[in-house]
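Note on naming: letters A, B, ... go to the chains in the order of the sequence lines (proteins, then strands), and numbering restarts at 1 for each one. Please read these numbers as outputs of a predicted model, since none were measured by experiment.
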Amino acid sequence: MVSVRIATWNVNSLRSRIDRVEALLDRHEIDVLALQETKARADQLPLMGIEARGYEVAVAGVNQWNGVALISRVGLEDVETGFPGQPGWGESAEAESRAIGATCGGVRVWSLYVPNGRKPDDPHYVYKLDWLARLREAALGWRDRDVALVGDWNIAPTDEDVFDIAQFAKSTHVTAPERAAFQAFLDDGYVDVVRPHAPGPEVYTYWDYYRQRYERNRGMRIDFVLGSPSLAARVTGAFIDREERAGTGASDHAPVVVDLA
DNA sequence: ATGGTAGAGTGTCTA
């Protein structure tokens, strides 16, 4: 087995942040980068700089709100847009594409953008729970291989993953059914491989753009790398690249990086 | 309850 560095990042528009993506690949010597909220069709993407660095790219999603991508310099094989059984929304499942999987350096990586849910009484919230239940079914069939389920889960699994739980008590991301849906992956043997390497309180991956939430560290931990048991056993380190969230022109999420032996 | 900011692309919608 070869050592692999995998990262995931909700980039909030790949076109508006292509320079930051290239800098991230260079800064951390990333082998596989999973992106979410690419917000562009494949034909709109300026990827020459990424390809010139020796990476292959696969993208999914055709609307301006979602979209996922995988960027790899250790192979990009058996690309699948969406997981088996993935429920669709709106005009088509393709338009609302939220998952792309590929085998990169022997590891099966899924870049996931879990539905936001909008509000607990919104049909989109039901869609979110259904989507997660279908993903769990698929993931059960993958767990005996080296699999990484990475991306923006749009769930804060515990109260300490939110800067002020009282403020979010009636919002999505923290409801009991969402947390149970996340916990189900852990019950099946998938492991949050980042948390042991990013301990302590007030560790977040997302800070809203309003009200200087980043500057005041008022964020949420909603971006995760869940590893199958065999993959989790290969993890040698992980970190949240918090500094990427700083300054003008930042995404509202920070990248999360994991090293595998 | 509302609003605050940002990105898609000109109408609002989504997060």
Practice task
Using the C1' atoms only, state how far B:dT14 lies from B:dG9, rounded to an integer number of Å.
Solution key: 13 Å
Handout entry: B:dG11 and B:dA1, which share atom name P, separated by this distance in whole Å
Key =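 Rounded to whole Å, the distance is 33 Å.
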Exercise for the section: Name the residue closer to the 5' end of DNA chain B, choosing between A:R41 and A:D252 according to the nucleotide with the nearest heavy atom. Expected result: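 So the residue in question is A:R41.
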Handout entry: Closest-nucleotide ordering on DNA chain B, the 5'-leading residue of A:S16 and A:G117
Key =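 Whichever sits nearer the 5' end wins; that is A:S16.
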Handout entry: Sole candidate of A:T158, A:I155, A:D187, A:V114 that passes side chain to side chain contact (heavy atoms under 4.5 Å, CB included) when paired with A:F182
Key = A:I155
Handout entry: Sub-4.0 Å heavy-atom contacts from residues 202-221 of chain A onto DNA chain B, ordered by number
Key = A:Y209, A:Y210, A:R211
Practice task
Please check the phosphate of B:dG9 (OP1 and OP2 only) for any side-chain N or O of A:Q44 closer than 4.0 Å.
Solution key: yes
Problem - OP1 or OP2 of B:dG7 under 4.0 Å from side-chain N/O of A:R17 - result: yes
Test of ring centre spacing under 6.0 Å for [X] and [Y]:
X	Y	result
A:F163	A:F168	yes
A:W131	A:F83	yes
A:Y206	A:W153	no
A:W9	A:H253	no

Practice task
State whether A:R27 and A:E244 are salt-bridged, where the test is any N-O pair (Lys NZ or Arg NE/NH1/NH2 against Asp/Glu carboxylate O) under 4.0 Å.
Solution key: yes
In whole angstrom, what separates [X]'s [atom1] from [N]'s [atom2]?
X	N	atom1	atom2	result
A:Y113	B:dT14	OH	P	12 Å
A:N10	B:dA8	CG	P	13 Å
A:N12	B:dT5	CG	C1'	11 Å
A:I18	B:dA8	CD1	P	12 Å
A:W9	B:dA15	CH2	P	20 Å
A:H253	B:dG7	NE2	P	13 Å
A:W65	B:dC13	CH2	C1'	5 Å
A:F168	B:dT2	CZ	P	17 Å

Problem - Sequence-distant partners of A:Y210, ring pair (Phe, Tyr, Trp, His ring centres under 6.0 Å), two or more places apart - result: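 A:Y210 satisfies ring pair (Phe, Tyr, Trp, His ring centres under 6.0 Å) with no residue once adjacent residues are dropped.
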Handout entry: Proximal nucleotide (of B:dG9, B:dA15, B:dG7) relative to the A:R118 side chain
Key =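 Per side-chain heavy atoms of A:R118, the pick is B:dA15.
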Problem - Closest to the A:S13 side chain, choosing from B:dA8, B:dC13, B:dA15 - result: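 Selected nucleotide: B:dA8.
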